[in-house]
Each structure stands twice: as structure tokens, then as C-alpha cells.
Amino acid sequence: MLSHTLTRELFKNSKSVKDELMYFLFLHSGKNFMCRLQCMFSQTPQCSESGLSLEDTQQWSQSLERLLESKYGLATFRNFLKSEYSDENIEFWLTCEDYKKIKSSFKLSSRVKQVGRSQMLNLPSLTLEQIKRNVKTPTMHCFDEAQKIVYGLMERDSYPRFLRSDIYRTLLESLATDATTG
């Protein structure tokens with residue numbers, strides 16, 4: 001208990017989200033880490049040890065697509081990016097995914113401006129010009145080119161950093177320990 005109090009004091013004055021996340025990992029590593037992680041990701045009051053497995057978590061390293069397909073993978077990746085203050089790309093990509101699901105042309109028109117203004121992205125000027133043209137007559141594919149570019153940036157930059165991060169490695173180690181100790 002004393003070590004938790006001292007650690008909390010060390011991080012109390014920290015402004016870094018990464019420090020807060022590392023404090024969370026410190027507090028919750030060990031036997032109950034997986035249950036607490038699952039509770040954090042789900043809105044249910046009960047935890048089930050079956051939601052996140054070592055095998056699933058290892059598959060996140062196969063591709064960014066695999067990571068984003070996983071509910072826990074996406075949540076972990078988003079938290080990692082937030083801890084680095086670089087979550088604008090994943091947020092834009094997710095917003096585009098939601099936008100493409102809209103069927104009503106009225107809703108497309110009202111959401112297109114939100115999507116276009118939602119993030120401050122560093123995109124090539126030609127892509128920005130294409131978006132400006134596309135939003136004049138909105139379709140579900142207005143942001144496809146920008147979304148591809150953002151996905152490529154995440155694949156080349158954020159995703160490899162995530163795979164090397166303490167967050168991902170700690171999660172793998174915790175799952176491996178849980179798998180061997182039963």
C-alpha cells in the first residue's frame with residue numbers, strides 16, 4: 001500500500017497522459033490486470049477472463065488491420081496514441097469509417113462538414129484540395145483518399161511504435177504469465 005501511495009505522489013503532479021497510463025499499468029499489473037483491462041474496455045460491471053487472450057493479442061502484431069479489427073486492440077492502440085498526444089490520425093480514420101456507414105444523403109450532407117473539420121491532419125495539399133471538391137457533393141467516399149493516406153501513416157509510424165511500446169509489451173507479458181500460471 002505504501003508503494004502505491006508513493007507512486008501516486010510521484011505521478012500526481014505529472015501532466016503526461018503517458019505517465020498516468022504507466023501508473024495505471026503499475027497499479028493493475030499482476031493477477032487482476034486482465035480483468036481490470038477488460039472492465040476498462042467494456043461497460044459491463046462483470047469481468048470475464050475470456051474476452052482477451054494471449055493469442056489474440058499476439059495477432060495484433062501481424063498487421064495494423066488485425067489490430068484495428070479487435071475491440072481490445074483498437075482500444076489499446078487508441079490509448080497508446082493518446083498517451084503520445086498523437087491520436088488525431090486514428091480518430092480521423094474512425095470518423096471516416098463511421099461516415100461511410102451513413103446511408104441517408106441528408107445525413108451525409110450534415111456530417112461531411114463535421115468530418116472535414118474534425119481533425120487537424122497533415123495531408124498533402126492535393127488531397128486537401130480533393131476533399132474540398134468532394135464535400136461540395138457529398139458521397140460516402142468523400143474522404144477515401146485522405147483515409148488511405150492516414151492509414152498508411154499509422155501503418156508506417158504509429159503502429160511500429162505501438163508494437164515496441166511498454167504498454168503492448170506489458171500486456172503481452174501479463175497475458176503470458178496468466179496463461180502459464182492458469
Side-chain angles (χ1 to χ4, degrees), residues 3-4 6-30 32-43 51-100 114-125 127-128 131 143-178:
S3 65
H4 291 274
L6 290 173
T7 306
R8 180 181 232 66
E9 286 302 313
L10 287 172
F11 289 112
K12 189 166 82 174
N13 295 324
S14 173
K15 303 267 190 260
S16 167
V17 173
K18 187 174 185 178
D19 286 346
E20 291 173 19
L21 192 52
M22 293 310 290
Y23 175 68
F24 172 84
L25 289 172
F26 167 80
L27 280 180
H28 302 294
S29 59
N32 293 324
F33 177 70
M34 293 316 304
C35 183
R36 292 181 189 273
L37 182 64
Q38 289 170 346
C39 282
M40 184 176 78
F41 292 150
S42 69
Q43 298 303 316
L52 183 60
S53 71
L54 176 60
E55 182 182 326
D56 291 340
T57 307
Q58 288 171 330
Q59 288 182 6
W60 300 348
S61 67
Q62 292 177 1
S63 69
L64 178 59
E65 183 178 0
R66 278 278 173 104
L67 175 68
L68 298 178
E69 287 171 351
S70 164
K71 171 176 78 169
Y72 297 118
L74 175 59
T76 306
F77 188 56
R78 284 175 85 178
N79 282 326
F80 166 73
L81 292 174
K82 285 178 185 178
S83 77
E84 293 198 331
Y85 303 102
S86 63
D87 59 331
E88 64 280 348
N89 286 342
I90 189 66
E91 295 304 326
F92 177 78
W93 186 85
L94 289 169
T95 302
C96 289
E97 287 296 293
D98 288 341
Y99 178 81
K100 287 192 272 188
Q114 274 184 310
V115 176
R117 290 190 306 246
S118 66
Q119 306 298 326
M120 296 299 292
L121 299 171
N122 188 9
L123 294 171
S125 60
T127 305
L128 293 172
I131 290 172
F143 301 101
D144 284 357
E145 187 61 30
Q147 189 181 20
K148 284 179 200 172
I149 290 169
V150 165
Y151 186 90
L153 290 171
M154 289 189 301
E155 195 169 43
R156 287 186 306 276
D157 182 43
S158 318
Y159 176 63
R161 279 196 331 270
F162 169 75
L163 294 177
R164 293 186 305 268
S165 72
D166 288 338
I167 293 169
Y168 182 59
R169 289 185 306 184
T170 301
L171 182 58
L172 283 174
E173 288 169 13
S174 178
L175 284 166
T177 301
D178 285 354

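When every heavy atom of Ser61 is checked against every heavy atom of Leu163, the shortest pair comes out as CA-CD2, 3.7 Å. Listed here is the closest heavy atom pair of Leu172 and Leu54: O-CD1, 3.8 Å.
Contact check on Asp144 versus Lys148 returns no salt bridge, with no Lys/Arg side-chain nitrogen under 4.0 Å from an Asp/Glu carboxylate oxygen.
For Tyr151 (side chain) and Glu65 (main-chain N/O), a donor-acceptor pair under 3.5 Å exists by modelled atom type. Formation of a donor-acceptor pair under 3.5 Å by the Ser70 side chain with backbone atoms of Leu67 is not found in this model. In this structure, Tyr159 contributes its side chain and Gly152 its backbone to no donor-acceptor pair below 3.5 Å.
Two residues are said to be in side-chain contact when any heavy atoms from C-beta on lie closer than 4.5 Å; Arg78 and Glu91 meet this criterion. Side-chain contact between Ser158 and Ile90 is absent, with no heavy-atom pair separated by less than 4.5 Å. Proximity of Ile131 to Leu123: side-chain heavy atoms (C-beta onward) are separated by under 4.5 Å at one or more points. The shortest side-chain heavy-atom distance between Leu74 and Leu94 falls under the 4.5 Å cut-off. For the pair Ile167/Asn79, no side-chain contact is recorded, criterion being any heavy-atom separation below 4.5 Å from C-beta on.
To the nearest 0.5 Å, the span separating CD on Glu69 from CG on Leu64 amounts to 10.0 Å. The OG atom of Ser86 sits 10.5 Å away from atom CE of Met154, with the distance rounded to the nearest 0.5 Å. Distance OH/Tyr72 to CG/Leu171: 11.5 Å, rounded to 0.5 Å. For the atom pair Phe80 CZ and Asp166 CG, the distance stands at 9.5 Å (nearest 0.5 Å). Rounded to the nearest 0.5 angstrom, Tyr168 OH and Gln58 CD are separated by 7.0 Å.
Shown here are the salt bridge (charged side-chain N to carboxylate O under 4.0 Å, His left out) partners of Lys100, two or more places apart in sequence or in another chain: Glu97.
The aromatic rings of Phe77 and Phe162 sit perpendicular to each other, their planes meeting at more than 60°, with 30° as the lower class boundary.
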Report task. Could you please spell out the steps behind the side chain to side chain contact (heavy atoms under 4.5 Å, CB included) verdict for Trp93 and Gln147? Result -> CA-CA 6 Å; Trp93 186 85; Gln147 189 181 20; 3.2 Å; yes
Query raised in the report: Would Asp157 and Asn89 satisfy side chain to side chain contact (heavy atoms under 4.5 Å, CB included), going step by step from the backbone distance to the final call?
Result: CA-CA 11 Å; Asp157 182 43; Asn89 286 342; over 6 Å; no
Requested in this report: I would like to know whether Asp56 and Leu175 meet side chain to side chain contact (heavy atoms under 4.5 Å, CB included); could you show each step before the answer?
Outcome: CA-CA 10 Å; Asp56 291 340; Leu175 284 166; over 6 Å; no
